[in-house]
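Everything below concerns the one structure shown next.
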Amino acid sequence: MAEQGLQTDFSDKLLVWYDANARELPWRMKTPDPYKTWLSEIMLQQTTVAAVKDYFLKFVSLWPTIDDLAAAATEDVMRAWAGLGYYARARNLHACAKIVAGELDGFFPASMEELQKLPGIGPYTSAAIAAIAFDIPAAAIDGNVDRVISRYYAIEEPLPQSKPRIRTEATKLVPQKRSGDFAQALMDLGATICTPKSPSCDICPLTDECSGRIRGMATALPRKAKKEKLPSRFGHIYWIENSKGEVLVRTRANKGLLGGMTEFPSSDWLRAKRPEFEAPFESEWKKQSSLVEHTFTHFHLELTVWKTRNDSTQLACRFVGREQLSDEALPSVMRKVIGVVLD
DNA sequence: AAAACGTGGCG
DNA sequence: TCGCCAAGTTT
């Protein structure tokens, strides 16, 4: 029937293109390893391939199997993840590894439903693992697929309202065979051809049937609501060095922003502008000439950096040697603080 | 269901 | 320069 013909046409053309144009990525292999599929998919959540590559290789080198990762110390996992962002992923990753290694005999479940019960695995990731690692015809719908499908069907309704429609169409296109390749092919197409700003429709394998291109609206799709401007927050952060040259740091609570990561002691980060400097304790404080500016997902942060020399361990912190600082689970914003102090 | 949750690169 | 964006999940 016609519906089947369209589906076959789409996936056949896409897979032919994929066979000739698939990107070579460290987590792609002839025989899929569910552990590596899972690890890469968690890292790739809202994160570019370029950013993930080195982290993936580092994790596989440090922990070649799910049992190795499960046996690791949480602090080691957090510091290996440091810089990659969305740190709840690292906490969930380790929790998931412990469940799979400890309760599931080291095997990831081979169904979307069971996969989704594990921490850090949601609708997209469960489908991606099911398709790529277990060859289950699941629709892995990520940002790429949203874009490709929106354009192919010229869906003018904006995201996220169009999600159900996109899911319906994408599900119909998934082939019974090579569903893992199909999932990756769709994402490769979105990443290299059907790109957000200036898609290369002239070399797209689906260009003949793409309604968005035919109607001259591909680049404008998918439509999205404009984002509000981010608010700013301000604070003071303290570089406290003892006479041995060690620096005071502390570990953030295992929840919320930068949860489980190492930080230098700081004031609260307030929305009010120009907060007064309050010394956390009596000492000779010197203000650094440069500020630290950093943008998180939902606010800008401006930190004033203060430096002092003091030997008393305070503020529920610990002293670490300057050389050991690089071994800490320091998020990017804290590495910027180091940059300002050492400048 | 809307908001929280990082970072770096690019046009 | 700065808004947009990247293989989303959790609460």
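Throughout, protein chains are lettered first and strands after them, A, B, ... in sequence-line order, and every chain is numbered starting at 1.
- Looking only at atom types and distance, the side chain of A/Arg318 has a donor-acceptor partner in the side chain of A/Thr251 under 3.5 Å away.
- Remark: the backbone N or O of A/Met78 is not paired with any side-chain donor or acceptor of A/His94 at under 3.5 angstrom.
- Checking C/dT9, B/dG6, B/dG11 against every side-chain atom of A/Gln45, the shortest atom distance belongs to C/dT9.
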Could you go step by step and tell me if A/Phe296 and A/Phe299 meet the ring-ring contact (aromatic ring centres under 6.0 Å, His included) rule?
-> CA-CA 5 Å; A/Phe296 292 104; A/Phe299 65 93; 5.1 Å; yes
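- Distance from the side chain of A/Lys227 is smallest to C/dC4 among C/dG3, C/dC4, C/dA6.
- Taking side-chain N and O atoms only, A/Gln46 has no distance below 4.0 Å to OP1 or OP2 of C/dA6.
- In this structure, the CD atom of A/Glu293 is 20 Å from the P atom of B/dG6, given to the nearest Å.
- The side chain of A/Asn92 has C/dT10 as its nearest neighbour among C/dA6, C/dT10, B/dA4.
- Among the protein residues, A/Val49 comes within range of the nucleic acid bases, having at least one heavy atom under 4.0 Å from a base atom.
- Taking every side-chain heavy atom of A/Thr125 into account, C/dG8 is the closest of C/dA6, B/dA4, C/dG8.
- Here the separation of C/dA6 from B/dC5, taken at their P atoms, is 22 Å to the nearest Å.
- Taking the side chain of A/Lys229 as heavy atoms from C-beta on, and the options B/dC5, C/dT9, C/dG3, the nearest nucleotide is C/dG3.
- Among the atoms of the strands shown, none is found under 4.0 Å from any heavy atom of A/Arg252.
- Across all strands shown, A/Gly256 has heavy atoms under 4.0 Å from sugar-phosphate atoms exclusively, and none from any base.
- Nearest to the side-chain atoms of A/Leu258 among the listed nucleotides B/dA4, C/dG8, B/dT7 stands B/dT7.
- Residue A/Arg147 places at least one side-chain N or O closer than 4.0 Å to OP1 or OP2 of C/dA6.
- In this structure, of C/dA6, C/dG8, B/dC5, it is C/dA6 that holds the atom nearest to the side chain of A/Thr48.
- You'll find that the side chain of A/His294 is closest to B/dT7, out of B/dG6, C/dC4, B/dT7.
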Can you list the steps and then say if A/Phe10 with A/Leu186 is a side chain to side chain contact (heavy atoms under 4.5 Å, CB included)?
-> CA-CA 10 Å; A/Phe10 187 101; A/Leu186 209 41; 4.0 Å; yes
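- The CZ-P distance, from A/Arg91 to B/dG6, rounds to 7 Å in whole Å.
- Among the heavy atoms of the strands, none lies under 4.0 Å from A/Arg335.
- When distances are taken from the side chain of A/Tyr124 to each of B/dT7, C/dT9, B/dG6, the shortest belongs to C/dT9.
- By the criterion of side-chain heavy atoms lying less than 4.5 angstrom apart, applied directly or through intervening Ile, Leu, Val, Met, Phe, Trp or Tyr residues, A/Leu189 is grouped together with A/Ile149 in one hydrophobic cluster.
- The 5' end of DNA chain B is approached more closely, in terms of each residue's nearest nucleotide, by A/Thr47 than by the other of A/Lys197 and A/Thr47.
- Per the geometry, CG belonging to A/Leu301 stands 11 Å off P belonging to B/dT7, to the nearest Å.
- Between B/dG8 and A/Ser332, a contact under 4.0 Å exists linking OP1 or OP2 to a side-chain N or O.
- In terms of position along DNA chain C, the nucleotide closest to A/Ser40 lies nearer the 5' end than the nucleotide closest to the other residue of the pair A/Ser40 and A/Pro119.
- At a threshold of 4.0 Å, the pair A/Glu169-A/Arg165 counts as salt-bridged, since one of the basic side-chain nitrogens sits closer than that to a carboxylate oxygen.
- A sub-4.0 Å separation between OP1 or OP2 of B/dA4 and a side-chain N or O of A/His298 is absent.
- Under the 4.5 Å side-chain criterion, counting only non-hydrogen atoms from C-beta, A/Phe264 is in contact with A/Trp239.
- Minimum atom distance to the side chain of A/Tyr87 is reached by B/dT7, of the listed C/dT9, C/dA6, B/dT7.
- Using a 4.0 Å heavy-atom cutoff across all strands shown, A/Trp27 reaches at least one base atom of the nucleic acid.
- The residue A/Ile42 sits apart from the nucleic acid: no heavy atom pair falls under 4.0 Å.
- Rounded to whole Å, the distance from CD on A/Glu263 to P on B/dG6 is 13 Å.
- Going from atom NZ of A/Lys255 over to atom C1' of C/dT10 covers 14 Å, rounded to whole Å.
- Spacing of C1' atoms, B/dA1 relative to C/dT10, comes out at 12 Å, to the nearest Å.
- As judged by a 4.0 angstrom heavy-atom cut-off over every strand, A/Ile132 is placed among residues making no nucleic acid contact.
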Please lay out, stage by stage, how A/Tyr238 and A/Trp306 fare under the test ring-ring contact (aromatic ring centres under 6.0 Å, His included).
-> CA-CA 5 Å; A/Tyr238 313 112; A/Trp306 299 84; 7.8 Å; no
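- For the pair A/Asp54 CG and B/dG9 P, the computed distance is 12 Å after rounding to whole Å.
- Separating the CH2 atom of A/Trp269 from the P atom of B/dG6 is a distance of 10 Å, rounded to the nearest angstrom.
- A/Leu330 places its CG atom 15 Å from the C1' atom of B/dT7, with the value rounded to the nearest Å.
- At a threshold of 4.0 angstrom between heavy atoms, the contacts of A/Gly83 are confined to the sugar-phosphate backbone, with no base atom among them.
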